[in-house]
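What you see is a predicted model; the values in this text were computed from it and never measured. Scope of the values below: all heavy atoms of this structure, side chains included, with no hydrogens, waters or symmetry mates.
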Amino acid sequence: QVQLVESGGGLVQPGGSLRLSCVASGTIFSIRNMGWYRQTPGKQRELVAAQATGGKPSYADSVKGRFTISRDNAKNTVYLHMNSMKPEDTAVYYCNVVDGELDGEYSYWGQGTQVTVSS
């Protein structure tokens with residue numbers, strides 16, 4: 001089992017910045033992918049950014065040029081640097097990790113952290 005703990009959410013004004021962090025712990029075999037998703041009430045959870053181990057990051061079109069995903073593999077940590085934030089970025093942000101275990105790949109989710117962009 002992999003546990004994910006997120007931090008860094010909060011209230012920010014339009015145009016401001018936030019950094020989210022997610023630390024993976026527990027029985028980790030081989031992390032294949034780390035990413036961030038977000039969800040607003042009544043909508044499906046959507047991919048914000050993700051990066052496979054050894055791969056290039058990918059981003060939703062709505063955040064390209066504003067958000068940056070980064071990883072510290074030694075610390076099993078993934079970050080989401082959010083700049084030039086907009087009210088439409090308001091959502092609960094979830095960390096996701098895909099771990100390659102003995103009997104297949106497993107996807108794990110964090111508890112979510114609220115991000116609110118408002119003046």
Side-chain angles (χ1 to χ4, degrees):
Q1 286 282 341
V2 175
Q3 293 80 46
L4 303 177
V5 177
E6 302 153 347
S7 60
L11 174 65
V12 63
Q13 291 188 342
S17 299
L18 277 178
R19 188 185 78 161
L20 304 183
S21 302
C22 173
V23 181
S25 63
T27 304
I28 299 171
F29 286 82
S30 176
I31 292 178
R32 303 292 174 84
N33 194 70
M34 303 183 87
W36 291 93
Y37 291 71
R38 67 187 181 188
Q39 188 170 23
T40 54
K43 292 188 176 182
Q44 286 190 331
R45 194 172 295 186
E46 63 174 5
L47 174 68
V48 177
Q51 186 173 14
T53 301
K56 294 182 179 180
S58 60
Y59 299 94
D61 287 342
S62 59
V63 306
K64 282 182 181 177
R66 300 188 299 120
F67 290 10
T68 302
I69 187 171
S70 63
R71 293 174 52 169
D72 185 335
N73 293 327
K75 297 180 179 180
N76 291 325
T77 301
V78 61
Y79 304 96
L80 185 67
H81 308 261
M82 303 183 290
N83 298 315
S84 303
M85 297 186 72
K86 304 175 181 180
E88 50 264 43
D89 295 322
T90 297
V92 177
Y93 284 70
Y94 295 90
C95 174
N96 174 261
V97 167
V98 176
D99 188 43
E101 303 179 1
L102 297 176
D103 57 349
E105 291 188 345
Y106 289 82
S107 180
Y108 297 93
W109 294 92
Q111 79 283 3
T113 184
Q114 177 69 46
V115 171
T116 302
V117 184
S118 176
S119 55

Worksheet item: Applying ring pair (Phe, Tyr, Trp, His ring centres under 6.0 Å), which residue pairs with at least one partner in residues 44-80 are found, sequence neighbours left out?
Response: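 As it turns out, there is no ring pair (Phe, Tyr, Trp, His ring centres under 6.0 Å) pair with a partner in residues 44-80 once direct neighbours are skipped.
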Worksheet item: Which pairs with one or both residues in residues 40-94 pass disulfide (SG to SG under 2.5 Å), sequence neighbours excluded?
Response: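 Sorted pair list comes back empty.
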Same cluster or not: [X] versus [Y], using hydrophobic residues (I, L, V, M, F, W, Y) connected whenever any side-chain heavy atoms lie under 4.5 Å apart?
| X | Y | value |
| --- | --- | --- |
| V2 | Y106 | yes |
| V78 | Y94 | no |
| V63 | M82 | yes |
| W109 | V92 | yes |

Fill in: CZ on F29 to CG on L102, rounded to 0.5 Å
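Output value for this atom pair is 4.5 Å.
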Item to complete: State the CD1-CG distance between I31 and N76, to the nearest 0.5 angstrom.
Response: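 The CD1 atom of I31 sits 4.0 Å away from the CG atom of N76.
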Are the side chains of [X] and [Y] in touch, meaning some heavy atoms are under 4.5 Å apart?
| X | Y | answer |
| --- | --- | --- |
| M85 | T90 | no |
| D89 | V115 | no |
| V97 | M34 | yes |

Contacts of [X] that satisfy side chain to side chain donor-acceptor pair (under 3.5 Å) - sequence neighbours left out:
| X | answer |
| --- | --- |
| S70 | H81 |
| K64 | D61 |
| S107 | N96 |

Discussion item. Tell me whether the count of non-hydrogen atoms from other residues, nucleotides or ligands lying under 6.0 Å of CD in Q1 goes above 12.
Written reply: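 No, the 6.0 Å shell around CD holds no more than 12 heavy atoms from other groups.
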Compare every heavy atom of [Y] with every heavy atom of [X], then report the nearest pair and how far apart it is.
| X | Y | value |
| --- | --- | --- |
| A91 | Q39 | CB-O, 3.5 Å |
| G110 | L4 | N-CD1, 3.6 Å |
| A49 | L80 | CB-CD1, 4.1 Å |

Discussion item. With salt bridge (charged side-chain N to carboxylate O under 4.0 Å, His left out) as the rule and sequence neighbours excluded, what pairs involving residues 96-112 come up?
Written reply: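 Counting only pairs at least two positions apart or across chains, the salt bridge (charged side-chain N to carboxylate O under 4.0 Å, His left out) contacts touching residues 96-112 are R32-E105.
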Worksheet entry | Residue pairs passing the salt bridge (charged side-chain N to carboxylate O under 4.0 Å, His left out) test where at least one lies in residues 42-54, sequence neighbours excluded |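 Non-adjacent pairs meeting salt bridge (charged side-chain N to carboxylate O under 4.0 Å, His left out): R38-E46.
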Worksheet item: Got a donor-acceptor contact below 3.5 angstrom from the T77 side chain to the K75 backbone?
Response: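 Present.
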Identify each donor-acceptor pair in which a side-chain atom of residues 5-23 lies under 3.5 Å from a protein atom, sequence neighbours left out, and give them as a table.
| from | atom 1 | to | atom 2 | distance (Å) |
| --- | --- | --- | --- | --- |
| E6 | OE1 | G112 | N | 2.6 |
| E6 | OE1 | T113 | N | 3.4 |
| E6 | OE2 | C95 | N | 2.5 |
| S17 | OG | N83 | OD1 | 2.9 |

Worksheet item: What pairs with R71 under salt bridge (charged side-chain N to carboxylate O under 4.0 Å, His left out), at least two apart in sequence or on another chain?
Response: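 So R71 forms no salt bridge (charged side-chain N to carboxylate O under 4.0 Å, His left out) with any residue.
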Item to complete: Identify, with sequence neighbours excluded, every residue that meets ring pair (Phe, Tyr, Trp, His ring centres under 6.0 Å) alongside Y108.
Response: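 Y108 satisfies ring pair (Phe, Tyr, Trp, His ring centres under 6.0 Å) with no residue once adjacent residues are dropped.
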Fill in: Partner set under side-chain contact (heavy atoms from CB on, under 4.5 Å) for N33, not counting sequence neighbours
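A50, A52, V98.
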Discussion item. Just to verify, what does S25 make a side-chain contact (heavy atoms from CB on, under 4.5 Å) with, not counting sequence neighbours?
Written reply: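 Partners of S25 by the side-chain contact (heavy atoms from CB on, under 4.5 Å) criterion, ordered by chain and then number, come out as Q3.
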